[in-house]
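Remember, it's a predicted structure, so these values are computed and weren't measured experimentally. Counting from 1, the numbers follow the sequence of the chain as shown. Both ligands and their constituent atoms are indexed starting at 1 by order of listing.
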Amino acid sequence: MSYLLHLYCPECGRVFDAERVQTYCHDCASPLLARYDLPRLRAEVSRAAVSARPRGMWRWHAVLPVRDDEHHLTLGEGDTPLLPVPRLAAALGLERVFVKDESFNPTGSFKARGMAAAVARAQELGVTALVVPTAGNAGGALAAYAARAGLPAHVFMPADAPAANVQEARLYGAEVQLVIGLISDAGRLAARAAAEHGWFDVSTFKEPYRVEGKKIMGYELAEAFGWTLPEVIVYPAGGGTGLVGMWQAFAELEALGWLERNARPRLVAVQAAGCAPIVRAWEAGAERAQFYEGAQTLAAGLRVPGPFADRLILRALRDSGGRAVAVSDAEIMAAQQDLARLEGIFAAPEGAATVAALRQLAAQGWLRPGERVVAFNTGTGLKYLDLLPGGAQATQ
Ligand SMILES: *Cc1c(COP(=O)(O)O)cnc(C)c1O
Ligand SMILES: [Zn+2]
C-alpha cells in the first residue's frame, strides 16, 4: 500500500492532485515532488518489516506512488549489491570505499528503477502510450517496462547514442526515432509528438515518478549500512534524478525515525568536462545552470546540457555540504580500467566517472581516510563497447 498524499512544487509550494496524471509546475518550470503521509507510515510500518519482505524495489511500496499492488511492474529491479572495493581504495589512499553497482538492474542500468515506478503509476492512472527523449539508457528501460505493461512506447534518441541502446529499445518493440543532435533536441521532438498524439511524456523530471523509483537507492544504502548513512556519495549526474531522489529519501528516513542517527552524506555530483552545466553553476555559486553549448562526452548519460532539475540538484549539493566535480573523458577511461582491473567491475563510463572523481577528491584531501564513501556505478560497461577503443566504431 502507498502512503502517497499529493504532489507539490518545491518552488511555489502549490499542491497537485496525485490521483490525476501530472507533469510539472508550468508556472515555475519546476519538477513536482511527492509527499507521503510519513507520520502514519511511521506509526504503522517498521523498517524491520520492510527488510523482511522479498527483495526488490517494490518492497518499499509504502514510499512509492503506486496504489494497487496489482499495478507493480517488475523485472527484478533494485537491491543491487553494495560492493566494498578495498584495492581501489588503497590505490587512492582511502579506506572505506564502496561501489553501489546498479549495472545489475534490468536493462543494465539504474534507469530501470525510475521507469518501473513511472510506467506502473502512469498505467494505473490510465495512460495508454508513452514517449521519452533519452541519451540512451532511459530509452531501453522505458521500452522494456512498457513491454512488460503491454503499452506502446516511442523513443527519441540522439543518432550517436550507444548502438546497444537503439537495438535494445527496438527489440523491446518501441518505435525509435534517431535525432541528429542532443537529448535536448530529442526532448523538443518528444514533447511535440506527445502533444500531437496524446502520448504521455516521461522525460526526466517532467513527470513526477521516475525520481520516486530512483529514490529507493537511498533507502537501500541506509539499510545496508545498518540504518546509518555513509559520509559521502559520489554520483554521476546527468538529469540528477538519483541525487535529488536520494536527498528526498534521506529526509523521509529522518521523518520516519528509521535512522540510528540523522547524519546525511555530502553529495558529490560528477559530470564530464565536455558537458558540465552543474559544475559551472556550482563554481559560479549560481542557483541555476546555464545551457551547456557544444556538449560532448563518451559518457552518454552525462550528455545533458540543460538539466530541468538544476535548482534541486544545486540545492541538494549545497545543503549536504557537497560539491560538483568535472572529469575528462581520458580520466573516465583510465578509471574504467582501474575499476575493472583492481576490482573486476566493468562500469559504464558514467559510473567510471565517479572513480575518476574519487581520485581528484582524495588527492585534494576532501575525502578523509576513515570516511565511508559510496561511488555509484550506474550502468554496465557492456552497452558501450562501440564507443570504447577497439570497439565497433573505432575499427570501422
Ligand atoms: C541516465 C544515466 C545517468 C544520469 O542519471 P541521472 O540520475 O538522471 O543524473 C548516469 N549513468 C547512466 C549509466 C545513465 O544511464
Ligand atoms: Zn511552482
ask   = Between Asn137 and ligand 1, is there a nitrogen or oxygen pair with a distance under 3.5 Å?
value = yes
task = Could you establish whether Glu102 and ligand 1 come within less than 4.0 Å of each other, counting only heavy atoms on the residue side?
result = no
ask   = For Gly379 and ligand 1, does the shortest N/O to N/O distance drop below 3.5 Å?
value = no
remark   = So the angle subtended at the Zn ion (ligand 2) by Cys9 atom SG and Cys25 atom SG, rounded to 10 degrees, is 110°
inquiry  = How about CZ on Arg20, more than 12 heavy atoms from neighbouring residues, nucleotides or ligands closer than 6.0 Å, or not?
reply    = no
message = With a 4.0 Å cut-off on heavy atoms, is Phe205 in contact with ligand 1?
response = no
task = Mark up the atoms of ligand 1 that fall under 4.0 Å of a heavy atom belonging to Pro236, in ascending order.
result = 4 (C), 9 (O), 10 (C)
ask   = Would Tyr3 and Glu44 count as having a side-chain donor-acceptor pair, cut-off 3.5 Å?
value = yes
inquiry  = Give me the nearest non-hydrogen protein atom to atom 5 (O) of ligand 1 as residue plus atom name, then the distance to 0.1 Å.
reply    = Phe110 CZ, 3.2 Å
message = Using a plain distance cutoff, I'd like to know if Gly301 has any nitrogen or oxygen under 3.5 Å from a nitrogen or oxygen of ligand 1.
response = no
query = Does Glu231 come within less than 4.0 Å of Arg96, counting only side-chain N to carboxylate O?
reply = no
ask   = Rounded to the nearest 0.5 Å, how far apart are CD of Gln337 and CG of Leu342?
value = 10.5 Å
ask   = What is the nearest protein non-hydrogen atom to atom 8 (O) of ligand 1, stated with its residue, atom name and distance?
value = Thr241 OG1, 3.0 Å
query = Less than 6.0 Å separating the ring centroids of Tyr172 and Tyr145?
reply = no
ask   = How wide is the angle at the Zn ion (ligand 2) between SG in Cys12 and SG in Cys28, to the nearest 10°?
value = 110°
request  = Flag Thr204 as yes when one of its N or O atoms lies below 3.5 Å from any N or O atom of ligand 1, and as no otherwise.
outcome  = no
inquiry  = Under a 3.5 Å threshold, yes or no: a donor from one side chain and an acceptor from the other, between Tyr36 and Glu212?
reply    = yes
ask   = Shared ILVMFWY cluster between Leu83 and Val355, side chains joined below 4.5 angstrom?
value = yes
ask   = Going by heavy atoms, is Phe376 under 4.0 Å from ligand 1?
value = no
query = Does an N or O from Gly238, backbone or side chain, lie closer than 3.5 Å to an N or O of ligand 1?
reply = yes
query = Quick one: which ligand 1 atoms are inside 4.0 Å of a heavy atom on Tyr384?
reply = 13 (C)
query = Considering only heavy atoms of Ala237, which atoms of ligand 1 have at least one such atom less than 4.0 Å away?
reply = 9 (O)
message = Please identify which of these residues, Arg47, Arg264, Lys215, meets the salt bridge (charged side-chain N to carboxylate O under 4.0 Å, His left out) condition with Glu252.
response = Lys215
inquiry  = For the residue pair Arg323 and Trp366, would you count it as a cation-pi contact if the rule is NZ or CZ under 6.0 angstrom from the ring centre and within 45 degrees of the ring axis?
reply    = yes
note = for atom 12 (C) of ligand 1, nearest protein heavy atom and its distance come out as Thr378 OG1, 3.3 Å
ask   = Is Pro236 close to Phe376 at the side-chain level, that is, under 4.5 Å between some pair of heavy atoms?
value = yes
Heavy-atom nearest neighbour in the protein, as seen from atom 7 (O) of ligand 1, with distance rounded to 0.1 Å = Tyr235 OH, 2.4 Å
query = Among all protein non-hydrogen atoms, which one is nearest to atom 3 (C) of ligand 1, and what is the separation to 0.1 Å?
reply = Lys111 NZ, 3.4 Å
request  = Start with the C-alpha gap between Phe156 and Thr134, add the side-chain angles, then the distance that decides, and say whether side-chain contact (heavy atoms from CB on, under 4.5 Å) holds.
outcome  = CA-CA 6 Å; Phe156 289 79; Thr134 172; over 6 Å; no
